[in-house]
Amino acid sequence: QVQLVESGGGLVQAGGSLRLSCTASGLPFNSYAVGWFRQAPGKEREFVATILWSGYTTYYADSAKGRFTISRDNAKNTVYLQMNSLKPDDTAVYYCAAKFGHTEVVSTRYTYWGQGTQVTVSS
C-alpha cells in the first residue's frame with residue numbers, strides 16, 4: 001500500500017533551477033524520514049538530502065549544500081527538493097525514499113522507494 005511518486009524532473013541549462021516533488025501515500029505512521037538520492041550513468045547511487053517528516057531536522061550532502069533545499073508539506077504528504085545553480089554533474093535519476101525513525105544517509109537503510117525522475121543539466 002505504501003507508494004512514493006517523484007515528479008518535476010526535466011532538462012535545464014547550467015545555472016538553472018528545478019523543483020522535485022515526492023508524494024507519499026499509504027504510510028501507517030507519520031513519524032518517518034524522507035531522503036533524496038541520485039544515480040548518474042555508470043555511478044553508484046549517492047545521497048543528496050534528507051528530512052524528518054516533522055521538518056525539524058534536515059541534512060545535506062556536501063554537493064548539495066548551499067544549492068539545494070529539502071522541505072515538506074505535511075498536509076499534502078509531499079517532500080520537495082528545490083535545486084538551484086544546477087551543474088552538469090547534477091545530471092542523474094533522482095529518487096525519493098522513506099524510512100521510519102531518524103534521518104539516514106545510507107540508501108540501503110530506507111524501506112520505501114519511488115520510481116525516480118530524470119534530471120538533465122546541459123552546459
Side-chain angles (χ1 to χ4, degrees):
Q1 291 183 332
V2 176
Q3 186 177 42
L4 304 176
V5 179
E6 302 98 332
S7 62
L11 174 64
V12 297
Q13 293 184 336
S17 298
L18 205 61
R19 189 179 77 162
L20 306 183
S21 299
C22 174
T23 300
S25 63
L27 291 173
F29 301 104
N30 199 44
S31 57
Y32 60 90
V34 174
W36 285 97
F37 295 81
R38 67 186 184 187
Q39 188 165 23
K43 296 185 177 180
E44 298 292 325
R45 186 169 298 183
E46 66 174 342
F47 167 77
V48 178
T50 186
I51 187 172
L52 285 177
W53 189 245
S54 67
Y56 179 75
T57 300
T58 60
Y59 185 75
Y60 299 88
D62 288 341
S63 61
K65 291 179 180 177
R67 300 189 300 127
F68 295 0
T69 302
I70 188 169
S71 62
R72 87 282 179 266
D73 186 335
N74 288 27
K76 296 181 179 180
N77 293 327
T78 299
V79 172
Y80 304 97
L81 183 67
Q82 178 67 46
M83 305 187 294
N84 299 325
S85 302
L86 284 164
K87 307 173 182 178
D89 286 347
D90 296 319
T91 296
V93 176
Y94 283 71
Y95 300 88
C96 68
K99 63 181 293 292
F100 293 109
H102 60 79
T103 53
E104 174 63 62
V105 303
V106 180
S107 63
T108 55
R109 295 178 181 175
Y110 284 78
T111 305
Y112 309 105
W113 289 83
Q115 82 289 345
T117 185
Q118 176 70 49
V119 172
T120 302
V121 184
S122 62
S123 60

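Hydrogens, waters and symmetry mates are skipped; everything else that's a heavy atom, side chains included, is used.
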Contact summary for [X] and [Y], nearest pair of heavy atoms:
X: Lys43; Y: Gln39; value: O-NE2, 3.2 Å
X: Tyr32; Y: Ala98; value: CD1-CB, 4.1 Å
X: Ala49; Y: Leu81; value: CB-CD1, 4.2 Å
X: Val5; Y: Gln115; value: CA-OE1, 3.7 Å
X: Val119; Y: Gly9; value: CG2-CA, 4.2 Å
X: Gln118; Y: Ala92; value: NE2-O, 3.4 Å

[Y] and [X], any side-chain heavy atoms less than 4.5 Å apart:
X: Tyr112; Y: Phe100; result: yes
X: Arg38; Y: Asp90; result: yes
X: Val79; Y: Trp53; result: yes
X: Glu6; Y: Leu20; result: no

Euclidean distance, [Y] [atom2] relative to [X] [atom1], rounded to 0.5 Å:
X: Thr108; Y: Arg45; atom1: OG1; atom2: CZ; result: 11.0 Å
X: Ser107; Y: Glu44; atom1: OG; atom2: CD; result: 9.0 Å
X: Phe68; Y: Asn84; atom1: CZ; atom2: CG; result: 8.5 Å
X: Ser31; Y: Leu52; atom1: OG; atom2: CG; result: 9.5 Å
X: Ser123; Y: Lys87; atom1: OG; atom2: NZ; result: 14.0 Å

Please assess Thr23 against Asn77 for the test side-chain hydrogen bond (donor to acceptor under 3.5 Å, both in side chains), listing each intermediate value before the final yes or no. CA-CA 6 Å; Thr23 300; Asn77 293 327; over 6 Å; no
[X] (side chain) donor-acceptor with [Y] (main chain) under 3.5 angstrom:
X: Arg67; Y: Met83; result: no
X: Tyr60; Y: Ile70; result: yes
X: Thr117; Y: Tyr94; result: no

Inspect the contact between Asp62 and Lys65 and indicate whether a charged nitrogen and a carboxylate oxygen are less than 4.0 angstrom apart.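 Yes.
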What pairs with Phe37 under ring pair (Phe, Tyr, Trp, His ring centres under 6.0 Å), at least two apart in sequence or on another chain?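 Only Phe47, Tyr110, Trp113 meet the ring pair (Phe, Tyr, Trp, His ring centres under 6.0 Å) criterion with Phe37.
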Could you state whether Val106 and Tyr59 fall into the same hydrophobic cluster, counting links through intermediate Ile, Leu, Val, Met, Phe, Trp or Tyr residues with side-chain heavy atoms under 4.5 angstrom apart?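 Yes, it is one cluster - the side chains of Val106 and Tyr59 are joined through contacts under 4.5 Å.
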Got a sec, which residues hit side chain to side chain donor-acceptor pair (under 3.5 Å) with Thr58, two or more places apart in sequence or on another chain?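 Here no residue qualifies.
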